[in-house]
Amino acid sequence: MGKGGEKTEENGECGGGGGGKRLGVYTWEEVQKHALKTDKWLVIERKVYNITDWAKRHPGGVRVISHYAGEDATDAFQAFHPEPEFVRKFLKPLLIGELAPGEPSQDRDKNSEMLADFRALRSTVERMGLFRTDPVFFSLHLLHIILLEVGSWLMLWYLGVNWATTLLCVLILTTSQSQSGWLQHDFGHLSVFKKSKWNHLLHKFVIGHLKGASANWWNHRHFQHHAKPNIFSKDPDVNMLHAFVLGDSQPVEYGKKKLKYMPYNHQHQYFFLIGPPMLIPVYFHIQIMHTMISRRDWVDFAWSMSYYLRYFTMYIPFYGFLGSIVLISFVRFLESHWFVWVTQMNHIPMDIDREKHRDWLSMQLAATCNVEQSAFNDWFSGHLNFQIEHHLFPTMPRHSYVKAAPLVRSLCEKHGLRYEVKTLVQGFRDIVSSLRKSGDLWLDAYLHK
């Protein structure tokens with residue numbers, strides 16, 4: 001406990017949730033000791049909270065909040081919660097004290113000027129109205145998905161089933177599924193409606209009824225990625241289950257330990273066989289179903305089953321049961337390619353390593369890059385070509401990224417942070433070249449260290 005175990009009894013915000021409980025004054029050294037599975041504290045705006053028991057009930061999942069145990073979570077809290085005052089009601093009973101007056105507001109010698117400038121930037125984009133949603137934008141996006149879904153069925157009904165119409169049907173459904181993926185991403189990040197409950201409802205509709213997946217599975221997985229991007233053991237997107245080695249440090253670690261689950265020096269080649277083709281139709285599908293059933297998430301399961309009921313009702317009359325399974329499997333196969341190349345071009349070529357306890361701005365810039373803006377790139381990637389802005393402000397509606405980008409770039413220039421923008425083709429190439437580089441590092445360590 002900080003300052004020799006000093007405790008104070010306060011009123012106002014510090015004591016508001018505790019019914020007059022005695023609150024402590026702590027140093028960062030003390031806070032950082034409470035980063036265990038059974039003992040978790042974190043700091044938000046200099047207030048110290050004990051989240052040990054409550055973490056299991058955290059709506060975003062126990063892991064995402066636990067990743068900030070022993071740390072300052074101020075910027076993460078602001079980034080993930082569009083209704084902070086509502087969320088603070090849940091924080092009040094968890095309050096155990098505050099940082100000692102002599103303690104800095106940031107932990108681990110983080111750059112206080114950079115933190116202040118980033119928070120000023122957030123205030124600026126809020127005043128500019130960049131967190132306000134354009135309802136026409138998202139309505140048109142949802143409408144074009146529904147038109148694609150209906151159009152594919154009407155084409156088969158009117159023109160009949162043949163190789164040409166089947167191939168066109170596959171392309172239309174692949175497009176609708178990919179675009180539905182970007183739209184569910186918007187609702188999942190609470191970036192469409194002011195009220196979170198409407199985002200949650202539409203998220204279940206889009207990811208469940210339009211895609212056949214699980215909203216809770218996505219939330220618990222994807223929020224970890226945003227909280228600690230490209231950080232081993234914290235970002236599930238870089239957990240490759242020994243199929244690949246990523247970054248500069250992991251390949252060397254595997255090589256020194258003589259770990260050879262796969263021929264990693266060829267991973268840039270077998271990536272084309274087990275990466276894009278298998279992620280959605282095999283790995284994600286199995287994981288989603290297992291998660292819903294094992295956690296008894298029957299609400300998400302019902303939404304998911306409504307998709308399959310609708311799909312088979314529409315396509316069994318044309319292709320039969322087995323033919324419909326083949327059709328949707330091929331659609332998932334193509335969609336998986338679309339998804340992997342778009343989502344990984346911003347991350348795999350970037351810094352991937354263990355926890356370095358960077359500040360929010362530096363951490364996100366190290367793990368993300370942008371792809372050039374164009375009408376096609378915006379649509380094709382669901383505006384994830386602005387991955388930097390999306391990671392800094394995950395609840396910002398995607399149509400505002402282009403307006404926020406110049407401000408973010410200016411801040412990066414001021415503090416010497418790299419703001420990387422590349423072409424779409426270069427982004428794709430960098431995935432392969434990064435895998436090759438990591439594979440070469442593994443082989444060198446495996447043979448010589």
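- Salt-bridge formation is not detected for the pair Asp72/Arg46: no Lys NZ or Arg NE/NH1/NH2 atom is positioned less than 4.0 Å from an Asp or Glu carboxylate oxygen.
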Audit row: Lys356, Asp351, salt bridge (charged side-chain N to carboxylate O under 4.0 Å, His left out) steps and yes/no
CA-CA 11 Å; Lys356 295 181 179 178; Asp351 182 47; 3.5 Å; yes
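- No salt bridge links Asp107 with Arg358; every basic N to acidic carboxylate O contact stays at or beyond 4.0 Å.
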Evaluate the side chain to side chain donor-acceptor pair (under 3.5 Å) criterion for residues Asp430 and Gln426: first the C-alpha distance (whole Å), next the side-chain angles of each, then the deciding distance (0.1 Å), finally the verdict.
CA-CA 6 Å; Asp430 285 349; Gln426 188 61 48; 2.7 Å; yes
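- A salt bridge links Lys228 to Glu71: one of the charged nitrogens lies within less than 4.0 Å of a carboxylate oxygen.
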Donor-acceptor pairs under 3.5 angstrom involving side-chain atoms of residues 442-449: please list them, not counting sequence neighbours.
from: Trp442; atom 1: NE1; to: Leu259; atom 2: O; distance (Å): 2.9

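- Contact check on Glu372 versus Lys422 returns no salt bridge, with no Lys/Arg side-chain nitrogen under 4.0 Å from an Asp/Glu carboxylate oxygen.
- In this structure, Phe137 and His141 have parallel ring planes: the angle between them is below the 30° cut-off, well short of the 60° mark.
- Taking 4.0 Å as the cut-off between side-chain N and carboxylate O, Glu45 and Arg88 count as a salt-bridged pair.
- Using cut-offs of 30° and 60° for the angle between ring planes, the His189 and His390 rings count as perpendicular.
- Scanning both residues, Leu392 and Arg122, for their nearest heavy atoms gives O-NH1, 4.5 Å.
- Heavy atoms only, all atoms of each residue included: Phe131 and Val125 are closest at CE1-CG2, 3.6 Å.
- The pair Arg221-Asp237 counts as a salt bridge, with a side-chain nitrogen and a carboxylate oxygen less than 4.0 angstrom apart.
- Applying the salt bridge (Lys or Arg N to Asp or Glu O under 4.0 Å) rule to Glu335 yields the partners Lys211, Arg332; only residues at least two apart in sequence or on another chain are considered.
- Checking Asn370 against Asn346 by side-chain atom types alone, no donor-acceptor pair falls below 3.5 Å.
- In terms of heavy-atom proximity, Met262 sits nearest to Ala243 at CG-O, 3.8 Å.
- Of the options Tyr401, Phe386, Phe118, a ring-ring contact (aromatic ring centres under 6.0 Å, His included) to Phe393 is made by Phe118 and by none of the others.
- Of all heavy-atom pairs between Gly97 and Leu23, the closest is CA-CB, 3.9 Å.
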